[in-house]
Amino acid sequence: MKKGICLALLLAGFTTAVFAYNYDTNLPLPGKSIADTKLQQDSLFTVYMFAHRVAAADCQNFSITDTQVSKPKVDNKWQEVWTVQACSKSANIPVNFELKPDGASYAIDPMGVRVINK
């Protein structure tokens with residue numbers, strides 16, 4: 001019985017260590033985003049999920065290092081490019097925003113995601 005419990009605890013610790021990520025969630029984000037803090041917060045982890053696509057497999061540290069408006073606000077729609085640092089790699093991730101009477105929406109432009117080579 002004790003061996004089973006020890007094995008379960010060991011596996012639980014291993015699983016936690018493998019899937020532990022450090023996401024910088026400080027708001028407001030750096031740069032020139034015109035999205036309000038609530039909209040930044042709502043879209044933050046979606047942007048980080050796209051950053052996982054370009055990060056090295058063992059990368060655990062992610063942060064937004066810059067935000068810029070890439071398409072100006074027209075009819076309550078605009079686009080921003082958020083720069084994500086994922087360990088040794090950076091990526092520009094375009095985020096489309098739209099303000100609506102009942103709230104706001106956002107979507108990543110997957111074809112616009114670019115890895116930055118330094």
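For the single chain, residues carry numbers from 1 onward in sequence order. Values below: every heavy atom of this structure, side chains too, minus hydrogens, waters and symmetry copies.
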Is there side-chain contact between [X] and [Y], with heavy atoms separated by less than 4.5 Å?
{"X": "Thr25", "Y": "Phe45", "value": "yes"}
{"X": "Phe97", "Y": "Ser43", "value": "yes"}
{"X": "Trp78", "Y": "Pro72", "value": "no"}
{"X": "Val113", "Y": "Pro94", "value": "yes"}
{"X": "Ile93", "Y": "Ile108", "value": "yes"}
{"X": "Ile116", "Y": "Asn92", "value": "yes"}
{"X": "Met111", "Y": "Asp109", "value": "yes"}

Does atom NZ (Lys73) have a neighbourhood of more than 12 heavy atoms from anything else shown, all under 6.0 Å?
yes
Under 6.0 Å from the CG atom of Asn22, do we count more than 12 heavy atoms belonging to anything else shown?
yes
For the pair [X] (side chain) and [Y] (backbone), establish whether a donor and an acceptor sit closer than 3.5 Å, ignoring hydrogens and angles.
{"X": "Gln40", "Y": "Leu29", "answer": "yes"}
{"X": "Tyr48", "Y": "Asp24", "answer": "yes"}
{"X": "Tyr106", "Y": "Leu39", "answer": "no"}
{"X": "Gln68", "Y": "Val81", "answer": "no"}
{"X": "Asp75", "Y": "Lys77", "answer": "no"}

Minimum heavy-atom distance between [X] and [Y], given as atom pair plus value:
{"X": "Ala86", "Y": "Cys59", "result": "C-SG, 3.4 Å"}
{"X": "Ser105", "Y": "Lys100", "result": "OG-CE, 3.7 Å"}
{"X": "Val54", "Y": "Ala91", "result": "CG2-CB, 3.7 Å"}
{"X": "Pro30", "Y": "Ile64", "result": "CG-O, 3.3 Å"}

For the residue pair Gln85 / Ser63, report whether a side-chain donor-acceptor contact shorter than 3.5 Å exists.
no
Give the C-alpha distance, both sets of side-chain angles, the deciding distance and a yes or no for side-chain contact (heavy atoms from CB on, under 4.5 Å) between Val47 and Val95.
CA-CA 8 Å; Val47 171; Val95 187; 3.7 Å; yes
Which label fits Phe62 and Tyr21: parallel for a plane angle under 30°, tilted from 30 to 60°, or perpendicular past 60°?
perpendicular
side-chain hydrogen bond (donor to acceptor under 3.5 Å, both in side chains) between Glu80 and Thr67, worked out
CA-CA 7 Å; Glu80 296 183 6; Thr67 58; 5.0 Å; no
Rounded to the nearest 0.5 Å, how far apart are CG of Leu44 and CH2 of Trp82?
6.0 Å
